[in-house]
**Q** 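Pasting a structure below so you can have a look.
In each ligand, atom 1 is the first atom listed, and ligand 1 is the first ligand listed.
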Amino acid sequence: MGEILSAIESRRSRRVISGRPIPRETAELLLRAAHLAPSCANNQPWRFVAIDDPETLDRVKEHLTGGNYWAKPSPLIIAVSSQADLDCQIPDGRTYHLFGCGMAAMNLMLQATELGLIAHPIAGFRQAPMKDILEIPSEYTLIALIILGYPTDDLSGLSEKHRAEERAPRDRRPLMEIASWNHFAPASGDKD
Ligand SMILES: Cc1cc2nc3c(=O)[nH]c(=O)nc-3n(C[C@H](O)[C@H](O)[C@H](O)COP(=O)(O)O)c2cc1C
């Protein structure tokens with residue numbers, strides 16, 4: 001198996017992170033990895049805010065949803081935002097900014113994994129106050145936050161559910177439920 005697949009396999013959305021600071025150079029490397037992602041017409045629709053200032057981190061963490069309590073020790077959070085006008089909008093209804101941001105986020109998370117970091121994407125936050133704190137213009141969508149941190153072995157801060165998930169094997173549907181050869185085949189349980 002190639003090294004890339006092994007990096008992909010070792011990336012997990014883990015929740016036991018320490019507050020140990022992440023150096024600026026490491027954060028810059030993550031941003032560079034993200035920025036090397038492909039995008040429609042090379043539009044580079046991703047806009048990142050890397051948050052490492054303790055006061056700003058504290059303010060941002062106030063607006064995580066309750067289930068994301070585990071992100072509180074994080075010393076570095078990267079906010080991913082964009083808007084449709086920054087990328088291809090094909091008249092038949094296809095818009096590409098979210099696709100581009102997803103690819104950039106994945107580059108960032110794989111690079112973080114390779115550096116021994118946990119990189120956990122989340123949608124569980126209150127967008128409006130978070131955008132205010134980060135001064136993200138109103139026409140942008142704050143798509144996701146990537147919670148970063150070095151791993152620890154101390155699971156004591158996690159809920160029982162999250163402790164079990166932390167130890168559980170990766171959960172994926174069978175491959176041929178989500179892929180097919182030569183024609184589209186809906187997976188059982190999908191909406192028509
Ligand atoms: C767009 C997006 C939003 C997510 N939001 C949250 C979240 O708010 N809280 C959380 O704990 N995990 C969140 N996750 C992590 C997923 O639960 C996780 O990726 C999924 O369970 C698969 O596990 P794996 O990443 O370890 O393979 C999110 C992931 C993505 C891609």
**Q** I'd like to check atom 10 (C) of ligand 1 in this structure: does the protein have a heavy atom lying under 4.0 Å from it?
**A**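 Yes.
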**Q** Take a 6.0 Å sphere around CG of D58 and say whether it holds more than 12 heavy atoms from other residues, nucleotides or ligands.
**A**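 Yes - once you tally the heavy atoms of other residues, nucleotides and ligands closer than 6.0 Å, there are more than 12.
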**Q** In terms of heavy-atom contacts, does CD1 of I4 have more than 12 from other residues, nucleotides or ligands at under 6.0 Å?
**A**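 It does not: I4 CD1 has 12 such atoms or fewer within range.
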**Q** Can you find a pair of side-chain heavy atoms, one from I51 and one from I133, that are under 4.5 Å apart?
**A**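 Answer no - side chains too far apart.
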**Q** Just wondering, are more than 12 heavy atoms of other shown residues or ligands nearer than 6.0 Å to CZ in F99?
**A**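 Open: at most 12 neighbouring heavy atoms sit under 6.0 Å from CZ of F99.
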**Q** Quick one: look at H120 and ligand 1, take heavy-atom pairs under 4.0 Å, and tell me if it's side chain, backbone, both or neither.
**A**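 Answer for H120: side chain.
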**Q** Does atom CG of D171 have more than 12 heavy-atom neighbours, drawn from other residues, nucleotides or ligands, at distances under 6.0 Å?
**A**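 No, the 6.0 Å shell around CG holds no more than 12 heavy atoms from other groups.
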**Q** Does ligand 1 have an atom under 4.0 Å from some heavy atom of E165?
**A**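 Checking ligand 1 against E165, which is what was asked, there is no heavy-atom contact under 4.0 Å.
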**Q** Grab the two heavy atoms, one from Y96 and one from C40, that are nearest each other, plus how far apart they are.
**A**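 Of all heavy-atom pairs spanning Y96 and C40, the closest is CB-CB, 4.2 Å.
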**Q** Do protein heavy atoms approach atom 15 (C) of ligand 1 to less than 4.0 Å?
**A**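 Protein heavy atom within 4.0 Å of atom 15 (C) of ligand 1: present.
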**Q** Could you list which atoms of ligand 1 come closer than 4.0 Å to a heavy atom of G124?
**A**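 Near G124, meaning under 4.0 Å from one of its heavy atoms, ligand 1 has 8 (O).
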**Q** Can you tell which of G67, A71, P121 gets a heavy atom nearest to atom 29 (C) of ligand 1?
**A**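 Closest candidate by heavy-atom distance is P121.
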**Q** Which protein heavy atom lies closest to atom 25 (O) of ligand 1, and at what distance to 0.1 Å?
**A**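 Of every protein heavy atom, S13 OG, 2.6 Å lies nearest to atom 25 (O) of ligand 1.
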**Q** Tell me the contacting part of N68 for ligand 1: side chain, backbone, both, or neither, using a 4.0 Å heavy-atom threshold, strictly below.
**A**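 Within the 4.0 Å criterion, N68 contacts ligand 1 through side-chain atoms alone.
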**Q** Tell me, yes or no, whether the heavy-atom count around E139 atom CD, taken from other residues, nucleotides or ligands under 6.0 Å, exceeds 12.
**A**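 Yes, because the 6.0 Å sphere around CD of E139 holds more than 12 heavy atoms from other groups.
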**Q** Can you pull out the closest protein heavy atom to atom 5 (N) of ligand 1? Residue, atom name and distance to 0.1 Å, please.
**A**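 Checked against all protein heavy atoms, atom 5 (N) of ligand 1 sits closest to A123 N, 2.9 Å.
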**Q** Has H162 got any heavy atom lying under 4.0 angstrom from an atom of ligand 1?
**A**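 In this structure, H162 fails to qualify as a contact of ligand 1 - no heavy atom is under 4.0 Å.
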**Q** When clusters are formed by joining ILVMFWY residues with side-chain heavy atoms under 4.5 Å apart, either directly or through shared neighbours, do Y150 and W70 land in the same one?
**A**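 Each belongs to a different hydrophobic cluster.
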**Q** Could you establish whether F125 and ligand 1 come within less than 4.0 Å of each other, counting only heavy atoms on the residue side?
**A**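 Distance cut 4.0 Å: F125 fails for ligand 1.
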**Q** Could you label the plane-to-plane angle of the H35 and W46 rings as parallel, tilted or perpendicular, counting under 30° as parallel and over 60° as perpendicular?
**A**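 Rings of H35 and W46: perpendicular, over 60°.
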**Q** Can you check atom 2 (C) of ligand 1: any protein non-hydrogen atom closer than 4.0 Å?
**A**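 Within 4.0 Å of atom 2 (C) of ligand 1, no protein heavy atoms are found.
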**Q** Checking contacts now, so for atom 21 (O) of ligand 1, which I'm interested in, is there any protein heavy atom under 4.0 Å?
**A**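 Within 4.0 Å: no protein heavy atom nearby.
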**Q** Heavy-atom contact check, 4.0 Å cutoff: does R172 meet ligand 1?
**A**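 Contact check R172 vs ligand 1: positive.
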**Q** Check each atom of ligand 1 against the heavy atoms of R12 and keep those under 4.0 Å away; list them by number with element.
**A**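 So the atoms of ligand 1 that pass are 26 (O).
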**Q** Between I77 and K61, is the side chain to side chain contact (heavy atoms under 4.5 Å, CB included) condition met? List the steps.
**A** CA-CA 10 Å; I77 295 178; K61 287 171 187 172; 4.1 Å; yes
**Q** Distance-only check: which donor-acceptor pairs under 3.5 Å involve side-chain atoms of residues 108-129, not counting sequence neighbours?
**A**
unit_1, atom_1, unit_2, atom_2, d
T113, OG1, M109, O, 2.7
H120, ND1, S13, O, 3.2
H120, ND1, R14, O, 2.9
R126, NH2, E62, O, 3.0
Q127, OE1, L142, N, 2.7

**Q** Would you mind listing which atoms of ligand 1 come within a distance below 4.0 Å of any non-hydrogen atom of R15?
**A**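 The atoms of ligand 1 under 4.0 Å from a heavy atom of R15 are 10 (C), 11 (O), 12 (N).
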**Q** Could you tell me the residue and atom name of the protein heavy atom closest to atom 27 (O) of ligand 1, and the distance to it rounded to 0.1 Å?
**A**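 Nearest neighbour among protein heavy atoms for atom 27 (O) of ligand 1, to 0.1 Å: R170 NH1, 2.6 Å.
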